[in-house]
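Atoms within a ligand are numbered from 1 in the order they appear, just like the ligands themselves. Quantities reported herein were computed from a predicted structural model and do not represent experimental measurements.
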Amino acid sequence: MTHRHPPCTVVAWFAILGCAVLAQAVTFEVKQGNSTCIKAELSASLSITYDTASGKSTAQVSLPDSAEVDVASSSCGSDSRSPWLVVVFGVGHSLGLGFSTNGVLYSVANLTLQYNLSDIALFPGANSSDVVTVVTSSVGMVATVNTTYRCFSSTSVLVDGSTVTFTDMKLEAYMPGNDLSPKSVCTADMSVTTPVPTPPVPTTAAPAPSPVPPGPPERGEYIVNNDNKTACLLANMGLQLNVSYLSVSQNKTEQRLLNLQPNQTTHAGSCGLTSATLVLSQEGTMNLTFTFSLASKLCKVWVRVRVRNSTSNKYHLSGLALSAVWPDMAAPDTLVVSNSSLEYLRSTLGRSYMCSSEQSLAVADAFSLNTFRLQVQPFAVTSNQFASAEECQLDQDNMLIPIIVGAALAGLVLIVLVAYLIGRKRSHAGYQTI
Ligand SMILES: *[C@@H]1O[C@H](CO)[C@@H](O)[C@H](O)[C@H]1NC(C)=O
Ligand SMILES: *[C@@H]1O[C@H](CO)[C@@H](O)[C@H](O)[C@H]1NC(C)=O
Ligand SMILES: *[C@@H]1O[C@H](CO)[C@@H](O)[C@H](O)[C@H]1NC(C)=O
Ligand SMILES: *[C@@H]1O[C@H](CO)[C@@H](O)[C@H](O)[C@H]1NC(C)=O
Ligand SMILES: *[C@@H]1O[C@H](CO)[C@@H](O)[C@H](O)[C@H]1NC(C)=O
Ligand SMILES: *[C@@H]1O[C@H](CO)[C@@H](O)[C@H](O)[C@H]1NC(C)=O
Ligand SMILES: *[C@@H]1O[C@H](CO)[C@@H](O)[C@H](O)[C@H]1NC(C)=O
Ligand SMILES: *[C@@H]1O[C@H](CO)[C@@H](O)[C@H](O)[C@H]1NC(C)=O
Ligand SMILES: *[C@@H]1O[C@H](CO)[C@@H](O)[C@H](O)[C@H]1NC(C)=O
Ligand SMILES: *[C@@H]1O[C@H](CO)[C@@H](O)[C@H](O)[C@H]1NC(C)=O
Ligand SMILES: *[C@@H]1O[C@H](CO)[C@@H](O)[C@H](O)[C@H]1NC(C)=O
């Protein structure tokens, strides 16, 4: 009996607790026809600052179980509209998440919070009865398409003096099916993460120190196989991205050096007759594509001038494309840089290209790639092994130093020897005159 009709006091007690502490996960879905495009399971607590006659006050609200999707405002998106999840609760309060994608990654483009100050239960003493809407585009939630954004740790988003804190959240937009994708990622837990945006730094504050430069990157070994499961592209290299992007927390363009951790990098690629690609990805945050080209046209010109043929075919790294998202990045929050007219890592067909020294490959203003201990062979790989290497100029210059030092030492020895012999001859002559 009692558990069918619990006393009202118990219910009220739970309601208060629920508001203050126990934020429960609520599930929201946005559908188009029968297919789900956005799904979210989350609990959110809101901390809203508002004006009263006697100054500022803060209301603490949890997204209640009764919160539901506002079907009229939410949408799966169209050519003109982006996907939007709007959740309504109480008397005219709402929380909205807008999404955007570049085909590879998707992100929460903005968060909208709307609250009705006439709700005196939530906002006691408010000096206004307005409905207030605040928006931020610094949300920092990013994942690869077909991946669930899932964070166990709590993530706070600052929106114009109020804070929305999500805990235990699962979120996916641009869904391939009606269920959340099994693969998941959390930018808030990532290594390149800068802290969640803090309130805007007063202009008088000293600028934050620039991040400590990382050491040289670890060397990764990447192999692309052809349809016959034999290696057709080999690349061993340590990679460091040198990127600049607009930081939310710093409110300025940041220069960052980021090492690629080989054990957190997946790779894919393809091999063609005159072009080969290698794609390195870090789930949810980065895609780096290398395109190598074999200069067959140049070869034909060559053929007419000289009679020799195939051995003069040259290949090079002709394109680099980077698409990356870091949590601190300001809107449009995806760095997309590419250049397909590069002339790097030039070598001869049938040989590999090697550069042990650090090399900096400029791609665009916002991006250069530093390579360390690199050896690549994108064409004519036989028996899964590198062919003999052509070394880069930097290595040859570095080889010159020991040669010069050696030659200088040899010269010095020679001079000392000659001086000694002359000295001996002189002293002999001296003895004779005495
Ligand atoms: C949605 O599903 C129902 C039943 O499962 C089906 O009758 C209906 O045709 C479907 N609608 C669309 C647009 O696929
Ligand atoms: C705001 O709250 C008041 C009082 O609870 C209500 O009358 C009004 O309709 C609400 N406004 C909106 C936009 O829902
Ligand atoms: C939120 O972002 C989406 C996608 O970029 C955009 O279409 C929409 O206008 C934005 N909404 C607001 C309120 O800024
Ligand atoms: C409410 O109070 C704030 C400061 O406390 C003031 O700036 C604002 O104008 C007031 N609003 C109304 C509607 O009185
Ligand atoms: C996502 O999954 C769908 C269906 O499985 C597939 O068609 C699409 O190519 C995938 N997109 C990406 C970017 O992997
Ligand atoms: C795969 O193997 C078959 C038969 O061994 C061969 O004809 C074909 O050219 C090979 N393809 C590639 C891409 O190496
Ligand atoms: C990174 O790029 C900037 C600007 O292009 C350059 O000044 C800086 O020297 C580079 N740093 C490294 C370590 O490559
Ligand atoms: C960011 O910096 C620009 C100028 O550098 C300034 O106009 C703007 O107010 C700043 N924004 C914040 C949130 O500090
Ligand atoms: C990746 O490598 C780094 C450095 O070697 C190591 O600290 C880290 O634990 C490794 N991570 C995984 C997931 O293996
Ligand atoms: C050069 O290569 C082309 C195509 O591979 C071939 O048709 C031609 O006979 C070759 N010429 C010589 C001199 O080897
Ligand atoms: C692409 O790279 C070339 C060669 O390094 C450079 O001249 C050109 O300015 C780059 N293009 C862009 C868009 O940065």
Side-chain angles (χ1 to χ4, degrees), residues 30 37-38 70 73-87 94-103 105-115 131-142 157 159-160 162 164 171 173-174 210-217 238-248 252-260 289-293 316-325 329-346 355 357-372 374 394:
V30 181
C37 60
I38 307 174
D70 180 1
S73 316
S74 299
S75 94
C76 283
S78 60
D79 293 343
S80 54
R81 288 183 75 185
S82 322
W84 211 314
L85 166 67
V86 182
V87 168
S94 74
L95 186 62
L97 298 175
F99 295 87
S100 67
T101 183
N102 66 354
L105 303 160
Y106 68 92
S107 63
V108 178
N110 50 41
L111 179 150
T112 311
L113 175 64
Q114 181 181 301
Y115 50 93
V131 174
V132 180
T133 305
V134 286
V135 186
T136 179
S137 57
S138 315
V139 185
M141 292 175 186
V142 184
V157 177
V159 44
D160 194 39
S162 299
V164 180
L171 177 70
Y174 306 98
S210 40
V212 186
L239 297 172
Q240 186 177 63
L241 312 180
N242 183 352
V243 290
S244 57
Y245 64 86
L246 191 61
S247 154
V248 175
K252 66 177 169 66
T253 302
E254 286 272 277
Q255 193 81 41
R256 282 284 166 86
L257 289 176
L258 298 155
N259 287 348
L260 248 71
T289 307
F290 294 76
T291 307
F292 295 91
S293 298
H316 66 283
L317 175 67
S318 57
L320 269 173
L322 173 72
S323 125
V325 177
M329 209 180 267
D333 62 28
T334 308
L335 180 72
V336 181
V337 190
S338 70
N339 190 332
S340 54
S341 52
L342 303 175
E343 299 265 348
Y344 296 127
L345 320 187
R346 183 172 284 281
C355 203
S357 316
E358 177 183 350
Q359 248 189 140
S360 182
L361 313 180
V363 179
D365 289 343
F367 172 44
S368 60
L369 181 68
N370 298 335
T371 68
F372 298 75
L374 171 142
L394 282 165

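The distance from ligand 11 to the heavy atoms of Val363 drops below 4.0 Å at these ligand atoms: 1 (C), 10 (C), 14 (O). Interface atoms of ligand 11 facing Ala364, defined by a heavy-atom separation under 4.0 Å, are 14 (O). Within the listing of ligand 11, atoms 2 (O) sit less than 4.0 angstrom from a heavy atom of Leu342. Residue contact check: Asn370 has heavy atoms under 4.0 Å from atoms 12 (C), 13 (C), 14 (O) of ligand 7. Counting atoms of ligand 7 from 1 in the listed order, those under 4.0 Å from a heavy atom of Asn242 are 1 (C), 2 (O), 3 (C), 8 (C), 10 (C), 11 (N), 12 (C), 14 (O).
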Write 'none' if nothing qualifies; otherwise put on separate lines each N/O atom of ligand 3 with a protein N/O atom under 3.5 Å away and their distance to 0.1 Å.
| unit_1 | atom_1 | unit_2 | atom_2 | d |
| --- | --- | --- | --- | --- |
| ligand 3 | 2 (O) | Asn110 | ND2 | 2.3 |
| ligand 3 | 7 (O) | Ser82 | OG | 2.9 |
| ligand 3 | 11 (N) | Asn110 | ND2 | 2.9 |
| ligand 3 | 14 (O) | Asn110 | ND2 | 3.3 |

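Taking OG1 from Thr371 and OH from Tyr344, the interatomic distance works out to 10.5 Å, rounded to the nearest 0.5 Å. For the atom pair Leu322 CG and Thr289 OG1, the distance stands at 8.5 Å (nearest 0.5 Å). Distance check, rounded to the nearest 0.5 Å: OG of Ser368 to CG of Leu241 gives 9.0 Å.
Heavy atoms only, all atoms of each residue included: Gln240 and Pro214 are closest at NE2-CG, 3.8 Å.
Remark: the Asn370 side chain and the Ser360 side chain contain an N/O donor-acceptor pair separated by less than 3.5 Å.
Using 4.0 Å as the threshold, Asp365 has no heavy atom nearer than that to any atom of ligand 11. Heavy-atom separations between Tyr344 and ligand 11 include at least one value shorter than 4.0 Å.
With sequence neighbours excluded, no residue satisfies side-chain contact (heavy atoms from CB on, under 4.5 Å) with Ser82. With sequence neighbours excluded, no residue satisfies ring-ring contact (aromatic ring centres under 6.0 Å, His included) with Tyr106. The side-chain contact (heavy atoms from CB on, under 4.5 Å) test applied to Ser338 returns Ala321, not counting sequence neighbours.
At a threshold of 4.5 Å between non-hydrogen side-chain atoms, the residues Leu97 and Thr112 do not count as touching. Inter-residue side-chain proximity for Leu345 and Phe292 is flagged as met; some heavy-atom pair is nearer than 4.5 Å.
When only interatomic distances are considered, the shortest N/O to N/O separation between Asn339 and ligand 11 falls below 3.5 Å.
By the criterion of a heavy-atom distance under 4.0 Å, neither the backbone nor the side chain of Gln240 is placed next to ligand 7.
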